[in-house]
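Following: one structure in structure tokens, then a few remarks.
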Amino acid sequence: QVQLVESGGGLVQAGGSLRLSCAPSRRTFSPYAMGWFRQAPGKEREFVAAISRNGGITYFADSVKGRFTISRDNAKNTVSLQMNSLKPEDTAVYYCAAGPAAVTTMRAYEYWGQGTQVTVSS
């Protein structure tokens with residue numbers, strides 16, 4: 001069992017930046033690919049970004065490409081989502097997830113965090 005804890009959410013003005021972090025509460029997550037998803041009020045949870053186990057492969061949703069970056073430090077047991085040029089439509093609860101492969105589909109991820117709120121004001 002892997003428990004994930006997200007941090008770094010908050011309120012930011014449009015055009016600003018936030019950095020989200022995710023860390024396991026117990027075991028290392030170096031054997032897992034990691035993903036970030038988000039869910040806005042009244043909408044389905046959607047894929048944001050994913051990174052392979054060694055960090056060599058990354059994927060991004062078209063809506064965040066060029067603005068968000070994902071990285072991981074297996075020695076420090078953290079994965080981060082750097083979000084720049086934030087827009088009001090980025091407002092959502094952001095979740096990190098761990099699974100066997102860096103893919104865009106939610107059901108491929110076995111473990112999920114509780115989420116952290118990101119609010120972007122216009």
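Position 1 is the first residue of the sequence; numbering continues from there.
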Heavy atoms, side chains only, cut-off 4.5 Å: are [X] and [Y] in contact?
X: C22; Y: M34; value: yes
X: L20; Y: T116; value: yes
X: R19; Y: M83; value: no
X: L81; Y: F68; value: yes

Between S52 and I57, is there a donor-acceptor pair closer than 3.5 Å when you use the side chain of the first and the backbone of the second?
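Checked: pair present.
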
Look only at the side chain of E6 and the backbone of Q114, and say whether a donor-acceptor pair between them is shorter than 3.5 Å.
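Such a contact is found between E6 side chain and Q114 backbone.
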
Distance check, rounded to the nearest 0.5 Å: [X] atom [atom1] versus [Y] atom [atom2]?
X: D73; Y: T78; atom1: CG; atom2: OG1; result: 5.0 Å
X: D90; Y: L18; atom1: CG; atom2: CG; result: 10.0 Å
X: R67; Y: F60; atom1: CZ; atom2: CZ; result: 11.5 Å
X: R72; Y: I70; atom1: CZ; atom2: CD1; result: 8.5 Å
X: N77; Y: S21; atom1: CG; atom2: OG; result: 12.5 Å

[X], [atom1] atom: more than 12 neighbouring heavy atoms under 6.0 Å:
X: R53; atom1: CZ; result: no
X: Y59; atom1: OH; result: no
X: Q39; atom1: CD; result: yes

Nearest heavy-atom neighbours spanning S122 and P88:
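Scanning both residues, the minimum pair turns out to be CB-CG, 3.8 Å.
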
Over all heavy atoms of both residues, which pair between A102 and A33 is shortest? Give the atoms and the distance, please.
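The answer is N-CB, 3.3 Å.
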
Regarding S17 and N84, do their side chains bring together a donor and an acceptor under 3.5 Å, going by distance alone?
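Side chains of S17 and N84: pair found under 3.5 Å.
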
Are V93 and L86 connected in a single hydrophobic cluster, I mean Ile/Leu/Val/Met/Phe/Trp/Tyr linked by side-chain heavy atoms less than 4.5 Å apart?
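No; V93 is not reachable from L86 via cluster members.
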
Would V103 end up clustered with Y111 when hydrophobic side chains under 4.5 Å apart are linked, directly or stepwise?
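They do not share one cluster, since no chain of ILVMFWY contacts under 4.5 Å joins V103 to Y111.
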
As a quick check of understanding, evaluate side-chain contact (heavy atoms from CB on, under 4.5 Å) for V120 and E89, giving each step before the final call.
CA-CA 8 Å; V120 184; E89 50 264 42; over 6 Å; no

Among F47, Y95, W112, exactly one meets side chain to side chain contact (heavy atoms under 4.5 Å, CB included) together with M106. Which residue is that?
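For M106, the side chain to side chain contact (heavy atoms under 4.5 Å, CB included) test succeeds with only one of F47, Y95, W112, which is W112.
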
Any chance the rings of Y109 and F37 have centres within less than 6.0 Å?
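Yes, the ring centres sit under 6.0 Å apart.
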
Charged N to carboxylate O under 4.0 angstrom, K65 versus D62?
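Counted as a salt bridge, because a side-chain N and a carboxylate O are separated by less than 4.0 Å.
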
Any chance you could lay out the side-chain contact (heavy atoms from CB on, under 4.5 Å) test for R38 and V118, step after step, and finish with the verdict?
CA-CA 9 Å; R38 66 186 182 187; V118 171; over 6 Å; no

